[in-house]
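Okay, structure first, notes after.
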Amino acid sequence: MSDPVSIQLQPVEDVSVESAYDAVMSSRAALSPWMHWLTPEYSLRDQRAFQARSAVLRGAGLEFNYGMVDTEGRVLGVCGLHRIDMLHATSEAGYWVRSDLWRRGVARQAVTRLLRLAFREHALARVELIIDCDNVASLALADTLRVRREARLHHRLFRDGQRRDAWLCAATRAEWLVAMAD
């Protein structure tokens with residue numbers, strides 16, 4: 001296993017569109033089973049549109065997407081808080097990492113920082129991850145970060161032309177901040 005990679009989270013609208021697109025395209029085969037938006041037609045124009053839309057949604061407080069960036073400014077992936085419900089102070093979280101950096105600590109650092117932002121900066125009380133039951137790596141990460149598996153959701157996702165079960169995993173501010181203080 002290679003050395004861990006150090007990352008920072010930056011608003012996705014502030015990172016290089018070309019670097020983000022390169023991260024997506026270099027990992028197309030590995031990411032496409034899990035990322036519904038990564039169609040065969042995905043283009044640099046789509047990446048630009050995503051980043052522009054992210055700026056608008058951030059400004060409205062509706063969504064917060066971050067680029068995972070190394071010390072040289074290269075985009076290693078994206079993570080974000082989506083489907084924010086301000087009344088109940090909840091959201092869903094998602095992430096992806098370029099496949100040549102899997103198992104190097106990038107996702108762990110990113111999701112840890114994302115949860116810290118969710119609970120401290122964005123004042124959320126609960127963050128949910130909806131994880132395909134076949135996504136063993138993401139389930140292992142949730143377990144490592146003490147994100148509780150709460151329920152198996154029957155036919156929650158649509159992938160490969162079929163309905164798929166998913167785990168509802170959740171972190172609450174009170175439990176997660178205490179767990180991370182250990």
Fill in: Verdict with reasoning, Asp143 to Val147, per side chain to side chain contact (heavy atoms under 4.5 Å, CB included)
CA-CA 6 Å; Asp143 292 342; Val147 176; over 6 Å; no
What pair of heavy atoms forms the shortest contact from [X] to [Y], and how long is it?
{"X": "Gly94", "Y": "His82", "result": "N-CE1, 3.8 Å"}
{"X": "Met68", "Y": "Leu9", "result": "CG-CD2, 4.0 Å"}
{"X": "Leu81", "Y": "Glu63", "result": "O-CG, 3.2 Å"}
{"X": "Ser16", "Y": "Val75", "result": "O-CG2, 4.1 Å"}
{"X": "Gly73", "Y": "Ser19", "result": "O-OG, 4.3 Å"}
{"X": "Gln51", "Y": "Val15", "result": "NE2-O, 3.2 Å"}

Fill in: Residues Asp46 and Ser43: side-chain donor-acceptor under 3.5 angstrom
yes
Heavy atoms, side chains only, cut-off 4.5 Å: are [X] and [Y] in contact?
{"X": "Val69", "Y": "Ile7", "result": "no"}
{"X": "Arg74", "Y": "Leu101", "result": "yes"}
{"X": "Glu92", "Y": "Val127", "result": "no"}
{"X": "Leu117", "Y": "Tyr66", "result": "yes"}
{"X": "Arg53", "Y": "Glu13", "result": "no"}
{"X": "Arg148", "Y": "Cys169", "result": "no"}
{"X": "Trp167", "Y": "Asn135", "result": "no"}
{"X": "Ser91", "Y": "Arg83", "result": "no"}

Fill in: Stepwise side chain to side chain contact (heavy atoms under 4.5 Å, CB included) test for Tyr21 and Arg48
CA-CA 9 Å; Tyr21 181 70; Arg48 277 193 189 96; over 6 Å; no
Using 0.5 Å steps for rounding, measure from the [atom1] atom of [X] to the [atom2] atom of [Y].
{"X": "Cys133", "Y": "Leu139", "atom1": "SG", "atom2": "CG", "result": "7.0 Å"}
{"X": "Glu121", "Y": "Arg113", "atom1": "CD", "atom2": "CZ", "result": "13.5 Å"}
{"X": "Gln10", "Y": "Asn65", "atom1": "CD", "atom2": "CG", "result": "14.0 Å"}
{"X": "Arg120", "Y": "Leu115", "atom1": "CZ", "atom2": "CG", "result": "11.0 Å"}

Item to complete: Would you list the pairs meeting ring pair (Phe, Tyr, Trp, His ring centres under 6.0 Å) in which at least one residue belongs to residues 116-139, sequence neighbours left out?
Response: Phe64-His122, Phe119-Trp176
side-chain contact (heavy atoms from CB on, under 4.5 Å) partners for [X], two or more places apart:
{"X": "Val24", "result": "Trp37, Leu38, Tyr42, Gln47, Trp96"}
{"X": "Ser26", "result": "Arg98"}
{"X": "Ser99", "result": "Ser27, Ala30, Trp102"}

Worksheet item: Given Arg159 and Asp132, is the side chain to side chain contact (heavy atoms under 4.5 Å, CB included) satisfied, shown in steps?
Response: CA-CA 9 Å; Arg159 178 168 66 87; Asp132 189 303; 2.8 Å; yes
[X], [atom1]: over 12 other non-hydrogen atoms inside 6.0 angstrom:
{"X": "Arg28", "atom1": "CZ", "value": "yes"}
{"X": "Glu18", "atom1": "CD", "value": "yes"}
{"X": "Arg116", "atom1": "CZ", "value": "yes"}
{"X": "Arg58", "atom1": "CZ", "value": "yes"}

Discussion item. Could you walk me through whether Arg173 and Leu124 satisfy the side chain to side chain contact (heavy atoms under 4.5 Å, CB included) test, starting with their C-alpha distance in whole Å, then the side-chain angles of each, then the deciding distance to 0.1 Å, before giving a yes or no?
Written reply: CA-CA 7 Å; Arg173 179 181 348 163; Leu124 295 173; 5.7 Å; no
Discussion item. With a 4.0 Å cut-off on N to O distance, would you call Arg126 and Glu175 a salt bridge?
Written reply: no
Worksheet item: Which ILVMFWY residues are connected to Ile130, directly or by a chain of links, through side-chain heavy atoms under 4.5 Å apart?
Response: Leu153, Leu157, Leu168
Practice prompt. Could you identify which residues cluster with Leu57, counting Ile, Leu, Val, Met, Phe, Trp and Tyr as linked when any side-chain heavy atoms lie under 4.5 Å apart, either directly or through a chain of such contacts?
Written response: Leu62
Discussion item. Under 4.5 Å between side-chain heavy atoms, counting indirect links through other Ile/Leu/Val/Met/Phe/Trp/Tyr residues: same cluster for Leu114 and Met86 or not?
Written reply: yes
